[in-house]
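What you see is a predicted model; the values in this text were computed from it and never measured. Just so you know, these numbers use all the heavy atoms, side chains as well, and skip hydrogens, waters and symmetry mates.
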Amino acid sequence: MILKNTAAIGNTAFIYLIALLPALLFANGKSQMITFLWEHLFFNNVFVPLGAILLLGIFLYIINLLFLLNARHGKWSAQELCRTNLLVKLLQIPAYLFIFVVGLLCALMIFTIGISFVFVLLDIFTIGMTGLFACSAFYVLKKEQKISGKMQLFYSLASFLFCADIVIAVIGYKRATVIET
């Protein structure tokens with residue numbers, strides 16, 4: 001239970017930490033608190049919070065891998081895992097939209113196009129984490145014989161694709177909640 005909650009909360013919070021980074025960057029000098037953070041906590045270096053985010057991301061990848069291994073032992077039902085997967089994916093949408101808009105604006109200006117590239121890499125990193133989380137749900141769906149092996153593979157692979165992951169999470173949840181007669 002703790003591992004599932006840690007993975008779910010960590011996956012959800014991680015994308016919001018990434019979304020917080022440009023807010024901190026562009027608000028530096030406009031707020032005393034943010035300026036204090038940049039000067040004393042981040043040493044006026046964007047690579048300090050970026051490095052901390054990446055270290056947290058590596059830790060969360062490990063948590064997600066452990067979660068995937070534990071899900072194979074039948075600790076959770078398919079319905080519970082699919083519901084949690086769907087919730088994580090839906091809660092991440094506002095942060096992804098914010099990052100997309102900021103990345104798009106940064107891509108329009110030649111001097112900030114590097115920021116857009118970093119956002120793309122961080123988004124790929126994040127969808128990898130949530131894809132691992134989703135794979136556990138689809139493994140249990142297959143184990144409970146609610147989907148076939150081919151569908152498990154398809155759903156698992158689609159969980160690593162932007163936008164398709166939301167659709168697949170909804171489909172997986174619907175499959176998990178189907179009551180067989």
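In this structure, CD on E144 lies 13.5 Å from CZ on R175, to the nearest 0.5 angstrom. Note that CG of L50 is 11.0 Å distant from CZ of F42, once rounded to the nearest 0.5 Å.
Nearest heavy atom pair, residue N85 against residue A134, reads OD1-CB, 3.5 Å. Heavy-atom minimum distance, L17 versus I53: O-CD1, 3.7 Å. Considering all non-hydrogen atoms of both residues, A169 and K89 come closest at CB-CG, 4.1 Å. Listed here is the closest heavy atom pair of L81 and S136: CD1-O, 3.8 Å. Nearest approach of L60 to G10, heavy atoms of both residues: CD1-O, 3.4 Å. Closest approach of L161 and I127 over heavy atoms only: C-CD1, 3.5 Å.
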- Do L54 and L122 pass the side chain to side chain contact (heavy atoms under 4.5 Å, CB included) test, and can you show the C-alpha distance, the side-chain angles, and the key distance before you say yes or no? CA-CA 9 Å; L54 288 175; L122 289 171; 3.8 Å; yes

- K4 and E80: CA distance, side-chain angles, deciding distance, side chain to side chain contact (heavy atoms under 4.5 Å, CB included) verdict: CA-CA 10 Å; K4 180 182 74 104; E80 180 182 6; 3.2 Å; yes

- Does the pair T12 and L87 meet the rule for a side chain to side chain contact (heavy atoms under 4.5 Å, CB included), with working shown? CA-CA 9 Å; T12 305; L87 185 62; over 6 Å; no

- Item | side chain to side chain contact (heavy atoms under 4.5 Å, CB included) evaluation trace for C135 with F160 | CA-CA 9 Å; C135 285; F160 291 94; 3.7 Å; yes

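Hydrophobic clustering, with ILVMFWY side chains joined whenever heavy atoms are under 4.5 angstrom apart, keeps L91 apart from L132. L157 and I124 sit in two unconnected hydrophobic clusters of ILVMFWY residues. Membership requires side-chain heavy atoms under 4.5 Å apart, directly or through other members. Each of I15 and V101 belongs to its own hydrophobic cluster when Ile, Leu, Val, Met, Phe, Trp and Tyr are linked at side-chain heavy-atom distances under 4.5 angstrom. Two different hydrophobic clusters hold L121 and I115 under the rule that ILVMFWY side chains link at heavy-atom gaps under 4.5 Å. When hydrophobic clusters are built by joining Ile, Leu, Val, Met, Phe, Trp and Tyr residues whose side-chain heavy atoms come closer than 4.5 Å, directly or via intermediates, F100 is not grouped with V118.
With T177 as the partner, the side-chain contact (heavy atoms from CB on, under 4.5 Å) test is satisfied by one option alone out of R83, K146, Q79: Q79. Residue N11 forms a side-chain hydrogen bond (donor to acceptor under 3.5 Å, both in side chains) with just one option from T6, T84, N64, T130, and that option is N64.
Clustering of Ile, Leu, Val, Met, Phe, Trp and Tyr by side-chain heavy atoms under 4.5 Å joins I168 with F138, L141, I147, M151, F154, Y155, V167, I171. Other residues sharing the hydrophobic cluster of I113, ordered by chain and number and joined by side-chain separations under 4.5 Å: none, the residue standing alone. Cluster partners of V170, by chain and number: L86, L90, I93, L97, I166, Y173. The rule joins Ile, Leu, Val, Met, Phe, Trp and Tyr whenever side-chain heavy atoms lie under 4.5 Å apart.
When the shell of 6.0 Å around CZ of F117 is examined, it contains 12 or fewer heavy atoms from other residues, nucleotides or ligands.
Between the side chain of Q152 and the backbone N or O of K142 there is no donor-acceptor pair closer than 3.5 Å.
Residues meeting the salt bridge (Lys or Arg N to Asp or Glu O under 4.0 Å) test with E39, sequence neighbours left out: none. For S116, the side-chain hydrogen bond (donor to acceptor under 3.5 Å, both in side chains) criterion is met by no residue, not counting sequence neighbours.
A 4.5 Å side-chain heavy-atom check between W38 and L25 finds at least one atom pair inside the cut-off. Taking 4.5 Å as the limit, some side-chain heavy atom of V102 sits within range of a side-chain heavy atom of C106.
Among residue pairs with one or both ends in residues 47-72, those qualifying as ring pair (Phe, Tyr, Trp, His ring centres under 6.0 Å) are Y61-F125, F67-W76, F67-F133; sequence neighbours excluded.
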